[in-house]
Amino acid sequence: MIHKYIWDNNICLDFLLNRKAVNPLALKLFNVFIDNQVSIFVSSSQLHNIQYMFFKLCKLHDIISTEQAKDIWDDFFSKIEIVKTPAYLDDGHPLLESDIEDYLIELSAQTLKNSKIITRDKKFLQQSNLAITVDEAISEIEEQEEKNISFLNLEQVNLPHRIEIEKGIDRVLTSGWYLQGNEVNAFEKEYAQFIGTNHCIGVANGLDALRLILRAYIEMGQLKTGDEIIVPANTYIASILSISDNNLKPLLVEPNINTYNIDPSKIEEKITSKTKGIMIVHLYGQNAMYPEIEHLVGKYNLKLIEDNAQAQGCFYGEKRTGSLGHAAGHSFYPGKNLGALGDAGAVTTDDEQLAATIRAIANYGSSKKYINDYKGLNSRLDEIQAAVLRTKLSGLDEDNKQRSEIARYYTENIVNPNITLPVSKDFFKPSNPATIQPLTPNTHVWHIYPIRCQQRDKLQQHLAANGIQTLIHYPVPPHKQNAYKEWNRQDWPLTEQIHKEILSLPISPVIKLEEVQKITEIINHYE
Ligand SMILES: *Cc1c(COP(=O)(O)O)cnc(C)c1O
């Protein structure tokens, strides 16, 4: 198990003052942390004391000049991560009685998952279950190796945003305003600007975003019951649910076996006089837009709706997905590339009337308090999620770049004739890997890294036996679900083949290179 470590004051001072006599391992401890890329956490409750003691001792013993001391302090300060001191004190805790400073450190440690406190204070070691010695810490870190690789560690994903998220939540808590306030307004502006549309409407989740787009077109008289919407057969079922939920008729279209996205060459044959729209899904994070689709949208005067739940930040030429059609639905489900701390979603569009209609429907059908124009529903983004999303949006392009690096590593290094790698325009796999060049960059944001294998279940078991967690996106296609009994006898051979063979490898902005190397090696040795 990987731990997080808070350094007690004495350990920080040992290092800062190089107190070899009392702690010969202080420098070694520091180096072990740096070499193993382990964060040094310090509770905010400790900071003033460590700083005060450090400068006082420097002066007292005339060890170094004030200038030097300042440099040492600044350097140390830049290398630590600060963890908050909670205000919730537990009355009965023995440490609270005996040493309030240690108790506050203990409380800070409890706000981190799997945390320990490194100290040489005997009393602290006795009274706290989290306290360990320098020796123990060094051997633990040197031995610690996360054996199991999880598919997606959301705690790790959110950890780099911890401080800004805490700030945002505090801001909302003390504002006294929890819905339809400043955070949502600001996020809507920032996200619209990011995607490149005039409007963004925050809603409760991704499915609602898609449902609301279609519902608003119905209210606006631009769609009616029984109209047909083209949608990929190979998608997450939510895309299709949004269509059926509005009493519209989903027309399934097979995917392209290389991209797993809708096959643009198979769309036109499905179009009838009742076909009024196309919903494209940028599945696994790969842009699903093609000039052929643009052409059909114009030729048959169709609504183009994007399901951008998996592709936040992705590009199609100069434009981002989510700005390519008439409207787009986005999901901020925690595991998505831009993930909230709960459910959240948004619609983006340039259509002012559509935006206003969606906003009203999602708010009981009302755009003016107590005046209801539609038989609406309640589907709103809340202030806390908006605050979290604002923080994470600022790092999204960087996160996607990390994902792309991981994807590139897999693509360049997995060589196993039984395995089909995903095809993306961002990079391809020529015979000489050294010549891999980005073609059209950022057409894939690698929400998922899907490989295919005819013996998929065996491969998945093999990886699991080696401590590697993989998932299947998705095991059962929509047309085989009980929810769509009317389609159960239909044949969508490519969709079914993909569902039988697909396997998602771990990918995230925080997965380590060693982990990706290990996964690659195990796959390469699999027969
Ligand atoms: C996640 C997802 C949705 C639904 O989003 P929620 O926020 O979970 O409602 C819709 N479509 C696709 C393709 C998705 O991956």
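In listed order, ligands and their atoms are each counted from 1.
- If you check which protein heavy atom lies closest to atom 9 (O) of ligand 1, you get L207 N, 2.9 Å.
- Within ligand 1, counting atoms from 1 as listed, the ones closer than 4.0 Å to a heavy atom of N205 are 7 (O), 9 (O).
- Between the D307 side chain and the A309 main chain, a donor and an acceptor come within less than 3.5 Å of each other.
- A heavy-atom separation below 4.0 Å is not found between D343 and ligand 1.
- Classification of the Y449-Y410 ring pair by plane angle, with boundaries at 30° and 60°, yields tilted.
- Inclusion of S331 in the set of residues having an N or O under 3.5 Å from an N or O of ligand 1 is warranted.
- Ranking the protein heavy atoms by distance from atom 11 (N) of ligand 1 puts D307 OD2, 2.7 Å first.
- Summarising the geometry of K84 relative to P86, their closest heavy-atom pair is O-CD, 3.6 Å, with the distance given to 0.1 Å.
- A heavy-atom separation below 4.0 Å is found between K336 and ligand 1.
- Set against the non-hydrogen atoms of V281, the atoms of ligand 1 under 4.0 Å away are 13 (C).
- Using the six-membered ring where Trp is involved, F332 and F187 have ring planes that are perpendicular, over 60° apart on the 30 and 60° scheme.
- If you check which protein heavy atom lies closest to atom 10 (C) of ligand 1, you get A238 CB, 3.4 Å.
- Taking every heavy atom of A309 and a limit of under 4.0 angstrom, the matching atoms of ligand 1 come to 2 (C), 3 (C), 10 (C), 11 (N), 12 (C), 14 (C), 15 (O).
- For the side chain to side chain donor-acceptor pair (under 3.5 Å) test, no residue two or more places apart in sequence or in another chain qualifies with N198.
- Under a cut-off of 6.0 angstrom, the local environment of CG in D170 is crowded, with over 12 non-hydrogen atoms contributed by other residues, nucleotides or ligands.
- Taking the six-membered ring for Trp and the full ring otherwise, the centers of Y217 and H326 sit at least 6.0 Å from each other.
- Given atom 15 (O) of ligand 1, the protein heavy atom at minimum distance is Q310 NE2, 2.7 Å.
- Distances below 4.0 Å separate heavy atoms of G206 from the following atoms of ligand 1: 5 (O), 6 (P), 7 (O), 9 (O).
- Ring centers of Y484 and H479: at least 6.0 Å apart, outside the cut-off.
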